[in-house]
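Take a look at the structure below.
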Amino acid sequence: MTTAGDDTDRAGADDADRALAALGAQIDASVADLQSARRRVRELQELRARGLGWREIVPREDRPLIVESITRALDGLGAIGGRFRREEAVALHAEGETIAGIGRLFGVSRQRVSAYLQEHVQLQSLRTGAGSDRAPSEP
């Protein structure tokens, strides 16, 4: 028998599952970016070892630059990792874990966990259009 609480648990788990899949894809993309950056580091080291100056090397660098690849990887992981953490907190809470317990698991304060849960509610509201005519409330 399914109860309304079970539906809420499943919805939270589904969001966490989607966030986990997105995190896996982002990790793959970030690894590719970082491998490309690592190859470029080796190329630059070889050019420097041959005596070329930075003024000769940098203007001829192919895009993306090393720093661009690293920034893209870190920004992507930060954004998607944050989404996963939020959705994981929501799923844990839906399964009965306390806010304090989630905080202990994640190594963050109860206030931070409450903020994750509130962010989730606000984003759900925006997705469903319920809050489209007003700004989300402060946590």
Side-chain angles (χ1 to χ4, degrees):
M1 175 181 218
T2 302
T3 66
D6 291 339
D7 289 343
T8 302
D9 290 355
R10 222 180 341 271
D14 290 346
D15 287 343
D17 290 338
R18 280 190 291 276
L20 180 59
L23 181 59
Q26 182 59 53
I27 289 169
D28 290 342
S30 295
V31 165
D33 281 340
L34 293 173
Q35 287 173 333
S36 173
R38 183 63 183 125
R39 279 190 300 275
R40 189 63 186 142
V41 164
R42 288 187 183 116
E43 290 170 10
L44 292 177
Q45 288 172 324
E46 288 173 16
L47 293 171
R48 293 289 293 154
R50 284 193 234 149
L52 288 159
W54 290 111
R55 290 184 67 186
E56 296 170 278
I57 296 170
V58 175
R60 295 186 207 141
E61 276 193 84
D62 292 330
R63 297 279 180 168
L65 301 176
I66 294 169
V67 209
E68 292 169 330
S69 295
I70 293 168
T71 299
R72 184 173 47 225
L74 294 176
D75 288 351
L77 286 171
I80 301 297
R83 174 182 163 213
F84 174 65
R85 178 171 267 208
R86 180 184 63 241
E87 297 305 335
E88 188 177 36
V90 169
L92 284 165
H93 194 253
E95 291 178 5
E97 185 61 64
T98 65
I99 290 174
I102 296 167
R104 280 191 300 278
L105 289 169
F106 286 7
V108 299
S109 69
R110 291 183 332 254
Q111 292 82 358
R112 185 70 219 136
V113 174
S114 291
Y116 293 147
L117 300 177
Q118 184 62 33
E119 288 167 10
H120 174 81
V121 169
Q122 290 173 349
L123 289 170
Q124 290 298 96
S125 234
L126 290 172
R127 283 186 202 129
T128 61
S132 61
D133 56 9
R134 60 185 166 83
S137 60
E138 292 291 320

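Nothing fancy with the numbering, it's 1 onward along the sequence.
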Could you see if V108 belongs to whatever hydrophobic cluster contains L92? Use Ile, Leu, Val, Met, Phe, Trp, Tyr and a side-chain cutoff under 4.5 Å.
yes
Between P64 and R72, what is the shortest heavy-atom contact and its length?
CG-NH2, 3.7 Å
Treat each ILVMFWY residue as a node, draw an edge where side-chain heavy atoms are under 4.5 Å apart, and state whether V31 and L74 are in one component.
no
Answer yes if the side chains of S114 and Q118 hold a donor-acceptor pair under 3.5 Å, and no otherwise.
no
Should the pair R112 and F106 be classed as cation-pi, given the thresholds of under 6.0 Å to the six-membered ring centre and 45° from the axis?
no
Is there a side-chain contact between I27 and L77 in this structure, where contact means two heavy atoms from C-beta onward sitting under 4.5 Å apart?
yes
Any chance you could measure D15, atom CG, to F84, atom CZ, to the nearest 0.5 Å?
12.0 Å
Transitive ILVMFWY side-chain link L126 to V121, under 4.5 Å
no
Shortest non-hydrogen contact from A37 toward I70:
CB-CG1, 4.3 Å
Flag if over 12 foreign heavy atoms under 6.0 Å of CZ, R110:
no
How many angstroms lie between atom CG of L52 and atom CZ of R60, to the nearest 0.5 angstrom?
7.0 Å
Over all atoms of both residues, closest heavy-atom pair of Y116 and A89
CD1-CB, 4.1 Å
R42/Q45 under side-chain hydrogen bond (donor to acceptor under 3.5 Å, both in side chains): CA gap, chis, key distance, verdict:
CA-CA 5 Å; R42 288 187 183 116; Q45 288 172 324; 5.9 Å; no
Rounding to 0.5 Å, atoms CG (D33) and CD1 (I66) come to a distance of 12.5 Å
Sidechain N-carboxylate O distance under 4.0 Å for R40, E43:
yes
To the nearest 0.5 Å, what is the distance between OG1 (T98) and CZ (R104)?
5.5 Å
When rounded to the nearest 0.5 Å, the distance separating NE2 of H120 from CZ of R83 is 11.0 Å
Rounded to the nearest 0.5 Å, how far does CD of E87 lie from CZ of R18?
8.5 Å
